[in-house]
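Notes follow the structure.
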Amino acid sequence: MAFMAPSSSSRPLQFHEHASARRAAPALLRRPRSRWRRNQLVCSLEATKQAVQEERPAAVNGVAGRTDCYGVFCTTYDLRADEETKAWKKVVSVAVSGAAGMISNHLLFKLASGQVFGPDQPIALKLLGSSQRSFQKLEGVAMELEDSLYPLLREVSIGIDPYEVFQDVEWALLIGAKPQGPGMERADLLNINGQIFAQQGKALNAVASRNVKVLVVGNPCNTNALICLKNAPEIPSKNFHALTRLDENRAKCQLALKASVFYDKISNMTIWGNHSTTQVPDFVNARIDGKPARQVIRDTKWLHEEFTKTVQKRGGELIQKRGRSSAPSTAVSIVDAIRSLVNPTPEGDWFSSGVYTNGNPYGIAEDIVFSMPCRSKGDGDYELVTDVTIDDFLWERIKKSEAELLAEKRCVGHLIGEGEEELCEVTEDTMLPGEQ
Ligand SMILES: NC(=O)C1=CN([C@@H]2O[C@H](COP(=O)(O)OP(=O)(O)OC[C@H]3O[C@@H](n4cnc5c(N)ncnc54)[C@H](OP(=O)(O)O)[C@@H]3O)[C@@H](O)[C@H]2O)C=CC1
Ligand SMILES: O=C([O-])CC(=O)C(=O)O
């Protein structure tokens with residue numbers, strides 16, 4: 001379906017709205033912010049910059065690392081006339097970590113345009129960076145958002161303290177992570193990135209909306225999501241997702257190519273397991289133009305061998321060709337993943353997401369984050385799909401992915417309150433899709 005952004009001629013005026021102001025006064029009573037207040041906001045941005053330059057640790061609820069509005073988004077306007085003619089929803093508050101990275105470079109503009117949450121949904125973007133180095137880049141990102149004049153983008157703030165940035169957020173898109181450097185062991189990556197997600201889990205637990213939806217993208221995303229949810233005991237575990245939608249999209253593309261159909265004909269595509277080379281793209285339950293995929297693609301050898309391997313290794317192949325990991329297609333898949341939760345799933349179809357195993361009907365180990373088929377009513381929540389067939393081919397591979405996730409979980413016991421750091425043994429042949 002084509003999306004049309006509202007034209008800039010009908011663009012309403014921006015306002016910056018603090019959570020406290022939102023609680024204190026209904027929108028129609030809001031007044032333009034005084035020059036003093038504006039100066040104060042600018043000063044606090046300066047204080048943040050200074051703190052960052054001095055490499056002071058970000059304080060929890062303190063001045064250092066404080067998040068505030070950026071540039072044009074600090075200005076408050078009187079919206080009374082505007083609100084009489086518009087039927088927009090209440091602003092949705094979305095945090096994005098790794099906001100100066102490659103994936104975010106594509107994603108933020110899709111979020112601001114209305115493609116994700118809808119053309120009647122104003123949005124506040126809270127951009128999280130990790131350090132002094134990233135702060136200036138975040139300013140650059142915020143400047144580009146300013147210059148894009150998106151009617152729905154009502155607030156942009158930047159910061160490096162997750163306790164500030166995550167305040168009252170309803171969505172947290174956790175993209176920031178350290179990439180796996182040359183010669184870096186998987187165990188080291190699990191530990192370094194795990195620390196980031198443990199800290200961010202704690203911050204979400206302390207300050208985010210109690211029903212925040214969390215999508216973990218930074219790799220290894222399944223185990224990072226597990227670490228995050230374990231550190232956020234006051235937020236329902238069901239609200240945490242690891243992104244496997246890119247893998248679903250890749251699998252749909254391969255089936256479409258083989259069957260010589262346009263990819264919108266492919267449905268019911270499940271990715272089982274880990275976002276790694278053990279993932280299991282499910283051709284058994286997938287459908288092509290409403291028919292079981294195996295009725296359309298008779299080449300069983302291709303389905304068993306090439307299809308599965310191509311999807312598992314697509315990320316690595318792309319890195320080899322492009323010299324960097326997928327960013328635009330990952331951003332698109334994040335959009336798809338969110339849209340699948342905020343729109344009802346089409347009748348008979350489903351989508352894949354890495355979700356917490358807690359009473360799953362398939363016999364997969366509990367207490368890990370595993371990609372499975374889901375359906376949503378469009379309320380941000382989901383249910384697992386139960387009418388799927390798991391044959392021996394799938395089951396054997398699902399168990400391998402499960403074993404990998406259980407091994408990863410043992411490596412991060414110290415980050416999820418399950419013992420000290422132990423000898424971390426992740427088998428050699430299991431890799432991130434982009435690992436060489
Ligand atoms: N699940 C999936 O399907 C996919 C996942 N990915 C993963 O997404 C992640 C981001 O990819 P991409 O945007 O291309 O990467 P980039 O390297 O372009 O950006 C990553 C961002 O992460 C932040 N970062 C780096 N180190 C740290 C740290 N120690 N603490 C906090 N933040 C940090 C950096 O922000 P700053 O400047 O603030 O330090 C950087 O801007 C990677 O982990 C990648 O493997 C990628 C593709 C698909
Ligand atoms: O390993 C990476 O960073 C890239 C990745 O996840 C993918 O392409 O699926």
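The first residue of the sequence shown is numbered 1, and numbering continues consecutively from there. Since this is a predicted model, take the numbers as computed values, not measurements. Note that ligands are numbered from 1 as they come in the structure, with each ligand's atoms numbered from 1 the same way.
Counting heavy atoms from C-beta outward, W171 and L215 have side chains that stay 4.5 Å or more apart. Annotation: side chain of F166 is not in contact with side chain of K202 (no heavy-atom distance under 4.5 Å). Inter-residue side-chain proximity for N239 and K213 is flagged as met; some heavy-atom pair is nearer than 4.5 Å.
When only interatomic distances are considered, the shortest N/O to N/O separation between L128 and ligand 1 does not fall below 3.5 Å. Note: an N/O pair closer than 3.5 Å links S134 and ligand 1 by distance alone. Looking at A177 next to ligand 1, an N or O pair under 3.5 Å apart turns up. Among the atoms of M102, some N or O lies under 3.5 angstrom from an N or O of ligand 1.
Only side-chain heavy atoms of I196 come within less than 4.0 Å of ligand 1; its backbone N, CA, C and O stay farther off. When non-hydrogen atoms are compared, ligand 1 lies under 4.0 Å from the backbone of S326 (N, CA, C, O) but not from its side chain. Counting heavy atoms closer than 4.0 Å to ligand 2, residue N219 contributes side-chain atoms (C-beta onward) but none from N, CA, C or O.
When the heavy atoms of R314, R250, H275 are ranked by distance to atom 8 (O) of ligand 2, first place goes to R250. Which of S130, G98, G101, S329 comes nearest to atom 32 (N) of ligand 1 through a heavy atom is settled by distance: it is S130. Summarising the contacts of atom 6 (N) of ligand 1 with N219, I175, T330, the nearest heavy atom is found in N219.
A salt bridge does not link E383 with K377: none of the charged nitrogens is closer than 4.0 Å to a carboxylate oxygen.
For the ligand labelled ligand 1, residue C221 lies inside the 4.0 Å heavy-atom shell. Proximity of H275 to ligand 1 is established by a heavy-atom distance of less than 4.0 Å.
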